[in-house]
Peer 1: 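My questions all concern the structure below.
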Amino acid sequence: MKLEQLYLLSEAVKCASISGAAKKHYMAQSSISHAISSLEKELQTPLLNRNCTGVAPTATGRAILKEAQVIFKSVHNIEQIAEAQRGHVQVAFACLPCLNDWLVPTTLCRLRKTSPEVAVSTTADNSGTIIDQVTSETVPFGIVIQDADTGQHKGITYQPLFQDQYVLYVGKKSPLYGREMITYADVLKQPYIAYRDEFQKRNGGLTAMIAQQRRPNVQFRTDSLEVMKHLIASDEYVAFFPRYMSQEDAYLKSGAIQRLTVVDQPLTFTVSVVRRRQVTLSTRKKGLSKILIM
(Lines give C-alpha, C1' and ligand atoms only; values in the text may rest on other atoms or scores of the structure.)
Protein backbone atom coordinates (compact mmCIF):
# COMPACT_ATOMS: atom_id res chain seq x y z
CA MET A 1 0.00 0.00 0.00
CA LYS A 2 1.31 3.44 -0.97
CA LEU A 3 0.40 6.84 0.43
CA GLU A 4 -0.22 8.09 -3.11
CA GLN A 5 -2.92 5.44 -3.63
CA LEU A 6 -4.79 6.57 -0.51
CA TYR A 7 -4.44 10.19 -1.54
CA LEU A 8 -5.79 9.58 -5.05
CA LEU A 9 -8.68 7.57 -3.61
CA SER A 10 -9.48 10.51 -1.34
CA GLU A 11 -9.34 12.98 -4.23
CA ALA A 12 -11.60 10.83 -6.41
CA VAL A 13 -14.18 10.75 -3.61
CA LYS A 14 -13.95 14.52 -3.04
CA CYS A 15 -14.51 15.16 -6.74
CA ALA A 16 -17.10 12.34 -6.98
CA SER A 17 -15.30 11.51 -10.20
CA ILE A 18 -12.02 9.97 -11.28
CA SER A 19 -11.92 12.25 -14.31
CA GLY A 20 -12.53 15.25 -12.04
CA ALA A 21 -9.62 14.25 -9.81
CA ALA A 22 -7.44 13.77 -12.88
CA LYS A 23 -8.28 17.23 -14.17
CA LYS A 24 -7.68 18.81 -10.76
CA HIS A 25 -4.20 17.31 -10.47
CA TYR A 26 -3.25 17.41 -14.18
CA MET A 27 -2.95 13.63 -14.33
CA ALA A 28 -4.11 11.01 -16.79
CA GLN A 29 -7.44 9.50 -15.77
CA SER A 30 -6.01 6.03 -16.39
CA SER A 31 -3.21 6.65 -13.87
CA ILE A 32 -5.64 7.45 -11.06
CA SER A 33 -7.94 4.58 -12.01
CA HIS A 34 -5.00 2.15 -12.05
CA ALA A 35 -3.74 3.35 -8.64
CA ILE A 36 -7.15 2.86 -7.03
CA SER A 37 -7.73 -0.50 -8.72
CA SER A 38 -4.30 -1.70 -7.53
CA LEU A 39 -5.17 -0.66 -3.97
CA GLU A 40 -8.50 -2.54 -4.18
CA LYS A 41 -6.69 -5.62 -5.47
CA GLU A 42 -4.12 -5.43 -2.69
CA LEU A 43 -6.79 -5.04 0.01
CA GLN A 44 -9.03 -7.57 -1.72
CA THR A 45 -12.13 -5.41 -1.39
CA PRO A 46 -13.89 -2.76 -3.52
CA LEU A 47 -13.39 0.80 -2.30
CA LEU A 48 -15.45 2.67 -4.89
CA ASN A 49 -18.84 2.23 -6.44
CA ARG A 50 -18.49 3.27 -10.08
CA ASN A 51 -21.34 4.31 -12.37
CA CYS A 52 -22.00 6.52 -15.39
CA THR A 53 -22.38 9.65 -13.22
CA GLY A 54 -19.20 9.25 -11.18
CA VAL A 55 -17.91 7.41 -8.12
CA ALA A 56 -18.82 7.08 -4.45
CA PRO A 57 -17.03 5.24 -1.64
CA THR A 58 -18.22 1.84 -0.46
CA ALA A 59 -18.73 1.31 3.27
CA THR A 60 -15.21 -0.11 3.44
CA GLY A 61 -13.90 2.80 1.40
CA ARG A 62 -15.42 5.34 3.82
CA ALA A 63 -13.89 3.54 6.81
CA ILE A 64 -10.46 3.44 5.17
CA LEU A 65 -10.61 7.09 4.16
CA LYS A 66 -11.49 8.06 7.74
CA GLU A 67 -8.29 6.39 8.92
CA ALA A 68 -6.36 7.87 5.99
CA GLN A 69 -7.23 11.40 7.15
CA VAL A 70 -5.14 10.79 10.25
CA ILE A 71 -2.24 9.77 8.03
CA PHE A 72 -2.64 12.81 5.78
CA LYS A 73 -2.62 15.11 8.80
CA SER A 74 0.53 13.47 10.15
CA VAL A 75 2.24 13.84 6.77
CA HIS A 76 1.26 17.53 6.68
CA ASN A 77 2.69 18.02 10.18
CA ILE A 78 5.94 16.34 9.13
CA GLU A 79 6.20 18.64 6.12
CA GLN A 80 5.59 21.70 8.33
CA ILE A 81 8.33 20.61 10.72
CA ALA A 82 10.75 20.14 7.82
CA GLU A 83 9.87 23.56 6.37
CA ALA A 84 10.43 25.22 9.72
CA GLN A 85 13.81 23.55 10.08
CA ARG A 86 15.05 24.69 6.69
CA GLY A 87 13.57 28.15 7.13
CA HIS A 88 11.43 27.89 4.00
CA VAL A 89 7.66 28.35 3.88
CA GLN A 90 5.35 27.76 0.91
CA VAL A 91 2.16 29.83 0.72
CA ALA A 92 -0.32 29.11 -2.09
CA PHE A 93 -3.68 30.81 -2.58
CA ALA A 94 -6.19 31.90 -5.22
CA CYS A 95 -7.30 35.48 -5.71
CA LEU A 96 -9.16 37.92 -7.94
CA PRO A 97 -7.51 38.84 -11.27
CA CYS A 98 -7.14 42.56 -10.44
CA LEU A 99 -5.68 41.67 -7.06
CA ASN A 100 -3.24 39.27 -8.70
CA ASP A 101 -2.15 41.81 -11.34
CA TRP A 102 -1.73 44.92 -9.21
CA LEU A 103 -1.62 44.27 -5.46
CA VAL A 104 0.13 40.90 -5.26
CA PRO A 105 3.36 42.16 -6.94
CA THR A 106 3.52 45.03 -4.45
CA THR A 107 2.85 42.58 -1.63
CA LEU A 108 5.68 40.31 -2.76
CA CYS A 109 8.13 43.22 -2.73
CA ARG A 110 7.17 44.01 0.87
CA LEU A 111 7.17 40.35 1.86
CA ARG A 112 10.66 39.75 0.46
CA LYS A 113 12.02 42.45 2.76
CA THR A 114 10.30 41.17 5.90
CA SER A 115 10.13 37.41 5.26
CA PRO A 116 12.53 36.34 2.48
CA GLU A 117 12.05 32.67 3.41
CA VAL A 118 8.41 32.71 2.24
CA ALA A 119 7.70 31.46 -1.30
CA VAL A 120 4.31 32.47 -2.73
CA SER A 121 2.29 31.01 -5.61
CA THR A 122 -1.06 32.35 -6.81
CA THR A 123 -3.80 31.53 -9.29
CA ALA A 124 -6.38 34.08 -10.47
CA ASP A 125 -10.08 33.46 -11.06
CA ASN A 126 -13.56 34.76 -10.28
CA SER A 127 -14.96 34.57 -6.76
CA GLY A 128 -17.28 31.64 -7.45
CA THR A 129 -14.50 29.46 -8.83
CA ILE A 130 -12.14 30.41 -5.99
CA ILE A 131 -14.75 29.39 -3.42
CA ASP A 132 -15.11 26.04 -5.22
CA GLN A 133 -11.32 25.60 -5.09
CA VAL A 134 -11.25 26.31 -1.36
CA THR A 135 -14.19 23.97 -0.72
CA SER A 136 -12.52 21.16 -2.69
CA GLU A 137 -9.19 21.81 -0.89
CA THR A 138 -7.38 22.72 -4.09
CA VAL A 139 -6.05 25.77 -2.24
CA PRO A 140 -5.97 26.41 1.54
CA PHE A 141 -7.49 29.89 1.21
CA GLY A 142 -8.59 32.45 -1.34
CA ILE A 143 -9.30 36.16 -1.62
CA VAL A 144 -12.76 36.86 -3.04
CA ILE A 145 -15.57 39.38 -3.33
CA GLN A 146 -18.01 38.69 -0.52
CA ASP A 147 -21.52 39.14 -1.91
CA ALA A 148 -25.14 38.16 -1.45
CA ASP A 149 -24.35 34.52 -2.26
CA THR A 150 -22.19 34.19 0.84
CA GLY A 151 -24.73 32.25 2.86
CA GLN A 152 -25.13 29.61 0.16
CA HIS A 153 -21.63 28.25 0.64
CA LYS A 154 -21.58 25.81 3.53
CA GLY A 155 -18.56 25.00 5.65
CA ILE A 156 -16.53 28.10 4.82
CA THR A 157 -15.81 31.34 6.66
CA TYR A 158 -14.94 34.88 5.55
CA GLN A 159 -12.47 37.36 7.04
CA PRO A 160 -12.99 40.90 5.63
CA LEU A 161 -9.88 42.67 4.30
CA PHE A 162 -11.08 45.92 2.74
CA GLN A 163 -13.94 47.55 0.84
CA ASP A 164 -13.88 48.50 -2.83
CA GLN A 165 -16.27 49.74 -5.52
CA TYR A 166 -16.77 48.91 -9.18
CA VAL A 167 -16.26 51.88 -11.51
CA LEU A 168 -16.65 52.07 -15.28
CA TYR A 169 -13.50 52.24 -17.42
CA VAL A 170 -13.94 54.39 -20.55
CA GLY A 171 -11.42 55.55 -23.17
CA LYS A 172 -11.10 58.87 -25.00
CA LYS A 173 -13.20 57.62 -27.93
CA SER A 174 -16.12 56.78 -25.69
CA PRO A 175 -18.98 59.32 -25.57
CA LEU A 176 -18.84 58.98 -21.78
CA TYR A 177 -15.24 60.18 -21.51
CA GLY A 178 -15.03 63.46 -19.61
CA ARG A 179 -18.46 63.10 -18.03
CA GLU A 180 -18.74 63.91 -14.35
CA MET A 181 -21.79 61.72 -13.73
CA ILE A 182 -23.21 58.62 -15.42
CA THR A 183 -26.16 56.35 -14.72
CA TYR A 184 -26.55 52.63 -15.18
CA ALA A 185 -28.76 53.41 -18.21
CA ASP A 186 -25.73 55.14 -19.78
CA VAL A 187 -23.70 51.97 -19.27
CA LEU A 188 -26.31 49.82 -21.02
CA LYS A 189 -25.97 51.89 -24.22
CA GLN A 190 -22.22 51.19 -24.56
CA PRO A 191 -20.41 48.20 -26.15
CA TYR A 192 -19.22 46.19 -23.15
CA ILE A 193 -16.21 43.89 -22.71
CA ALA A 194 -16.88 41.03 -20.31
CA TYR A 195 -14.20 39.20 -18.36
CA ARG A 196 -14.40 35.41 -18.93
CA ASP A 197 -17.95 34.17 -18.14
CA GLU A 198 -19.10 37.40 -16.52
CA PHE A 199 -22.91 37.75 -16.85
CA GLN A 200 -23.18 34.26 -18.36
CA LYS A 201 -23.54 32.46 -15.05
CA ARG A 202 -23.83 33.41 -11.39
CA ASN A 203 -20.16 33.34 -10.51
CA GLY A 204 -20.05 35.86 -7.68
CA GLY A 205 -18.72 39.41 -7.75
CA LEU A 206 -20.17 41.89 -10.23
CA THR A 207 -22.49 39.34 -11.83
CA ALA A 208 -24.20 38.66 -8.49
CA MET A 209 -24.33 42.35 -7.58
CA ILE A 210 -26.45 43.36 -10.58
CA ALA A 211 -28.34 40.09 -10.90
CA GLN A 212 -31.72 41.84 -10.74
CA GLN A 213 -30.74 44.53 -13.27
CA ARG A 214 -30.62 44.47 -17.04
CA ARG A 215 -27.19 43.21 -18.10
CA PRO A 216 -24.67 45.28 -20.11
CA ASN A 217 -24.45 45.02 -23.91
CA VAL A 218 -21.63 42.45 -24.05
CA GLN A 219 -19.92 42.52 -27.45
CA PHE A 220 -16.62 40.87 -26.59
CA ARG A 221 -15.25 38.41 -24.03
CA THR A 222 -11.68 37.76 -23.01
CA ASP A 223 -9.65 36.30 -20.15
CA SER A 224 -7.01 39.05 -20.40
CA LEU A 225 -7.28 42.26 -18.39
CA GLU A 226 -4.58 43.79 -20.57
CA VAL A 227 -6.59 43.15 -23.75
CA MET A 228 -9.64 44.69 -22.10
CA LYS A 229 -7.80 47.88 -21.19
CA HIS A 230 -6.14 48.15 -24.61
CA LEU A 231 -9.52 47.94 -26.38
CA ILE A 232 -11.11 50.44 -24.00
CA ALA A 233 -8.26 52.90 -24.56
CA SER A 234 -8.40 52.57 -28.36
CA ASP A 235 -12.15 52.23 -29.03
CA GLU A 236 -15.59 52.90 -27.55
CA TYR A 237 -15.68 49.76 -25.38
CA VAL A 238 -16.32 50.03 -21.65
CA ALA A 239 -15.96 47.62 -18.72
CA PHE A 240 -16.24 47.60 -14.94
CA PHE A 241 -13.06 47.47 -12.86
CA PRO A 242 -12.58 47.81 -9.08
CA ARG A 243 -11.48 51.28 -7.97
CA TYR A 244 -8.97 50.48 -5.21
CA MET A 245 -7.49 47.34 -6.73
CA SER A 246 -6.78 49.14 -10.01
CA GLN A 247 -5.46 52.41 -8.65
CA GLU A 248 -1.92 51.80 -9.96
CA ASP A 249 -3.09 51.10 -13.52
CA ALA A 250 -0.78 52.74 -16.09
CA TYR A 251 -3.70 53.45 -18.45
CA LEU A 252 -5.37 55.53 -15.73
CA LYS A 253 -2.21 57.40 -14.85
CA SER A 254 -1.59 58.32 -18.50
CA GLY A 255 -5.15 59.55 -19.01
CA ALA A 256 -5.84 57.02 -21.78
CA ILE A 257 -8.62 55.63 -19.60
CA GLN A 258 -10.95 57.41 -17.21
CA ARG A 259 -12.94 55.75 -14.46
CA LEU A 260 -16.49 56.88 -13.79
CA THR A 261 -18.79 56.21 -10.84
CA VAL A 262 -22.30 55.01 -11.63
CA VAL A 263 -24.41 57.31 -9.45
CA ASP A 264 -27.52 55.13 -9.25
CA GLN A 265 -25.62 51.87 -8.67
CA PRO A 266 -23.25 52.01 -5.65
CA LEU A 267 -21.57 48.69 -6.65
CA THR A 268 -19.61 48.61 -3.40
CA PHE A 269 -18.31 45.30 -2.11
CA THR A 270 -16.09 43.71 0.52
CA VAL A 271 -12.94 41.76 -0.35
CA SER A 272 -12.41 38.90 2.09
CA VAL A 273 -10.19 35.93 2.81
CA VAL A 274 -12.22 32.73 2.46
CA ARG A 275 -11.24 29.40 4.00
CA ARG A 276 -12.83 26.20 5.20
CA ARG A 277 -14.14 26.46 8.76
CA GLN A 278 -11.96 23.61 10.00
CA VAL A 279 -8.79 25.20 8.57
CA THR A 280 -6.82 27.65 10.67
CA LEU A 281 -4.52 29.96 8.73
CA SER A 282 -0.92 29.96 9.84
CA THR A 283 0.73 33.14 11.11
CA ARG A 284 2.52 33.46 7.75
CA LYS A 285 -0.71 33.29 5.76
CA LYS A 286 -2.48 35.75 8.03
CA GLY A 287 0.49 38.10 7.67
CA LEU A 288 0.34 37.83 3.90
CA SER A 289 -3.34 38.80 3.79
CA LYS A 290 -2.68 41.81 6.03
CA ILE A 291 0.14 43.07 3.80
CA LEU A 292 -2.32 43.14 0.87
CA ILE A 293 -4.23 46.05 2.41
CA MET A 294 -1.29 48.15 3.62
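Note that the structure is predicted; figures quoted are calculated from it, not measured.
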Peer 1: Looking at Glu40 and Arg50, is there a salt bridge between them, counting it only when a charged N and a carboxylate O are closer than 4.0 Å?
Peer 2: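 Yes, Arg50 and Glu40 are salt-bridged.
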Peer 1: Could you check whether Thr138 and Gln133, counting side-chain N and O atoms only, form a donor-acceptor pair closer than 3.5 Å?
Peer 2: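 Side chains of Gln133 and Thr138: no pair found under 3.5 Å.
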Peer 1: Would you check, one step at a time, whether the test side-chain contact (heavy atoms from CB on, under 4.5 Å) holds for Phe93 with Val139?
Peer 2: CA-CA 6 Å; Phe93 65 98; Val139 293; 5.5 Å; no
Peer 1: Side chains of Ile193 and Leu231, heavy atoms from C-beta outward: is any pair under 4.5 Å?
Peer 2: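 A side-chain contact under 4.5 Å exists here.
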Peer 1: Answer whether the closest heavy-atom distance between the side chains of Asn217 and Leu188 falls below 4.5 Å.
Peer 2: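 Not touching, per the 4.5 Å side-chain cut-off.
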Peer 1: Rounded to the nearest 0.5 Å, what's the gap from CG on Leu206 to CZ on Arg215? Could you check?
Peer 2: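 If we round to the nearest 0.5 Å, Leu206:CG and Arg215:CZ are 10.0 Å apart.
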Peer 1: Any idea which heavy atoms bring Ala28 and Ala22 closest together, and the distance?
Peer 2: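 Scanning both residues, the minimum pair turns out to be C-CB, 4.1 Å.
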Peer 1: Under 4.5 Å between any side-chain heavy atoms of Tyr158 and Val144, yes or no?
Peer 2: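 Result yes, sub-4.5 Å side-chain heavy-atom pair found.
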Peer 1: Which heavy atom of Tyr177 sits nearest a heavy atom of Ala256, and at what distance?
Peer 2: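 It is CE1-O, 4.5 Å.
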Peer 1: Is it true that atom CD of Glu42 has more than 12 heavy atoms of other residues, nucleotides or ligands lying nearer than 6.0 Å?
Peer 2: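 Atom CD in Glu42 is packed in, count exceeds 12.
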Peer 1: Does any N or O in the side chain of Asp249 come within less than 3.5 Å of the main-chain N or O of Tyr251, such that one atom is a donor and the other an acceptor?
Peer 2: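 Such a contact is found between Asp249 side chain and Tyr251 backbone.
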Peer 1: At their closest point, which heavy atom of Gln146 faces which heavy atom of Ser272, and how far apart are they?
Peer 2: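 Scanning both residues completely, I find the closest heavy atoms to be OE1-OG, 2.6 Å.
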Peer 1: Of all the heavy-atom pairs spanning Lys173 and Glu236, show the shortest one and how long it is.
Peer 2: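 Closest heavy-atom pair between Lys173 and Glu236: O-CG, 3.3 Å.
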Peer 1: Should the pair Asp197-Arg221 be classified as a salt bridge under the 4.0 Å nitrogen-to-oxygen rule?
Peer 2: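 Here Asp197 does not pair with Arg221 in a salt bridge, since their nearest N and O are not under 4.0 Å apart.
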Peer 1: Less than 4.5 Å apart, side chain to side chain, heavy atoms only: is that true for Val238 and Ile232?
Peer 2: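 The answer is no; the side chains never approach within 4.5 Å.
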Peer 1: Are side-chain N/O atoms of Ser246 and Tyr169 paired as donor and acceptor at under 3.5 Å?
Peer 2: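 Their side chains do contain a donor-acceptor pair, which is all the 3.5 Å distance test asks for.
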Peer 1: Check Ile32, Val55, Ile18, Leu47 against Leu9 for a side chain to side chain contact (heavy atoms under 4.5 Å, CB included) and give me the one that passes.
Peer 2: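 Of Ile32, Val55, Ile18, Leu47, side chain to side chain contact (heavy atoms under 4.5 Å, CB included) with Leu9 is met by Leu47 alone.
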Peer 1: Could you check if a side-chain atom of Asp164 sits within less than 4.5 angstrom of a side-chain atom of Thr268, using non-hydrogen atoms only?
Peer 2: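 Asp164 does not reach Thr268 side chain to side chain.
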Peer 1: What distance separates Glu198 CD from Gln200 CD, expressed to the nearest 0.5 Å?
Peer 2: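 CD of Gln200 is found 10.0 Å from CD of Glu198.
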Peer 1: Of the non-hydrogen atoms in Pro57 and Asn49, which two are nearest, and what is the gap between them?
Peer 2: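 Shortest heavy-atom separation between Pro57 and Asn49 comes out as O-ND2, 4.1 Å.
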Peer 1: Is it true that a side-chain atom of Thr129 and a backbone atom of Asp125 form a donor plus acceptor pair closer than 3.5 Å?
Peer 2: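 Between the backbone of Asp125 and the side chain of Thr129 there is no qualifying donor-acceptor contact (under 3.5 Å).
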Peer 1: I'd like to know if the side chain of Ser10 and the backbone of Leu6 have a donor-acceptor N/O pair within less than 3.5 Å.
Peer 2: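 Answer holds: no.
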Peer 1: Would Val271 and Gln163 count as a side-chain contact (heavy atoms from CB on, under 4.5 Å) here? Give the steps.
Peer 2: CA-CA 6 Å; Val271 174; Gln163 283 198 318; over 6 Å; no
Peer 1: Tell me if a side-chain donor or acceptor on Tyr195 pairs with a main-chain N or O of Phe240 at a distance below 3.5 Å.
Peer 2: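 Answer holds: no.
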Peer 1: Does any N or O in the side chain of Ser136 come within less than 3.5 Å of the main-chain N or O of Asp132, such that one atom is a donor and the other an acceptor?
Peer 2: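 Yes, because the side chain of Ser136 sits within donor-acceptor range (under 3.5 Å) of the backbone of Asp132.
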Peer 1: Applying the 4.5 Å side-chain criterion to the ILVMFWY set and letting contacts propagate, would Met1 and Ile36 be lumped into a single cluster?
Peer 2: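 In one cluster with Met1: Ile36, yes.
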Peer 1: Which atoms form the tightest heavy-atom contact between Val134 and Gly142, and what is the distance?
Peer 2: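 Scanning both residues completely, I find the closest heavy atoms to be CG2-N, 3.7 Å.
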Peer 1: Without swapping roles, check the side chain of Thr135 against the backbone of Ile131 for a donor-acceptor pair under 3.5 Å.
Peer 2: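 Yes, because the side chain of Thr135 sits within donor-acceptor range (under 3.5 Å) of the backbone of Ile131.
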Peer 1: Could you measure the distance from the CD atom of Gln219 to the OH atom of Tyr237? Nearest 0.5 Å is fine.
Peer 2: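 Nearest 0.5 Å value for the CD-OH distance: 6.0 Å.
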Peer 1: Are the side chain of Arg259 and the backbone N or O of Arg243 linked by a donor-acceptor pair below 3.5 Å?
Peer 2: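 It does hold such a pair.
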Peer 1: Can you tell me how far CD of Gln213 sits from CG of Leu267, rounded to the nearest 0.5 angstrom?
Peer 2: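 Going from the CG atom of Leu267 to the CD atom of Gln213 covers 9.0 Å.
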Peer 1: Enter the distance from Asn100:CG to Ile143:CD1 here, rounded to the nearest 0.5 Å.
Peer 2: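 Asn100 CG to Ile143 CD1: 9.5 Å, rounded to 0.5 Å.
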Peer 1: Taking the side chain as every heavy atom from C-beta outward, state whether Pro175 and Gln190 have any pair of such atoms under 4.5 Å apart.
Peer 2: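 Yes, side chains in contact.
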Peer 1: Donor-acceptor pair, Thr222 side chain versus Ser224 backbone, under 3.5 Å?
Peer 2: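 Side chain of Thr222 to backbone of Ser224: a pair is present.
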Peer 1: Within the distance-only criterion (no hydrogens, no angle test), does the side chain of Thr261 pair as donor or acceptor with the backbone N or O of Val263 below 3.5 angstrom?
Peer 2: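 A pair under 3.5 Å: no.
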Peer 1: State, with a plain yes or no, whether a side-chain heavy atom of Phe269 is found less than 4.5 Å away from one of Tyr166.
Peer 2: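 They are in contact (side-chain heavy atoms under 4.5 Å apart), so the answer is yes.
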Peer 1: In the structure I gave you, are the side-chain heavy atoms of Arg179 and Gln258 within less than 4.5 Å of one another anywhere?
Peer 2: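 Side-chain contact under 4.5 Å: no.
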Peer 1: Judged by modelled atom types alone, do Ser19 and Ser17 share a side-chain donor-acceptor pair under 3.5 Å?
Peer 2: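 Yes - a donor-acceptor pair under 3.5 Å links their side chains.
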Peer 1: Apply the test side-chain contact (heavy atoms from CB on, under 4.5 Å) to residues Tyr192 and Phe199: give CA-CA distance (whole Å), side-chain angles for both, the deciding distance (0.1 Å), then the verdict.
Peer 2: CA-CA 11 Å; Tyr192 190 89; Phe199 305 123; 3.6 Å; yes
Peer 1: Testing Leu168, Ile257, Leu225 one by one against Phe241 for a side chain to side chain contact (heavy atoms under 4.5 Å, CB included), which residue passes?
Peer 2: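 Among Leu168, Ile257, Leu225, the one meeting side chain to side chain contact (heavy atoms under 4.5 Å, CB included) with Phe241 is Leu225.
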Peer 1: At what distance, to the nearest 0.5 angstrom, does CG of Leu43 lie from OG1 of Thr60?
Peer 2: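 Between atom CG of Leu43 and atom OG1 of Thr60 there are 9.5 Å.
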Peer 1: Would you say Ser37's side chain and Ser33's backbone share a donor-acceptor pair under 3.5 angstrom?
Peer 2: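 Side chain of Ser37 to backbone of Ser33, a donor-acceptor pair under 3.5 Å: yes, one is there.
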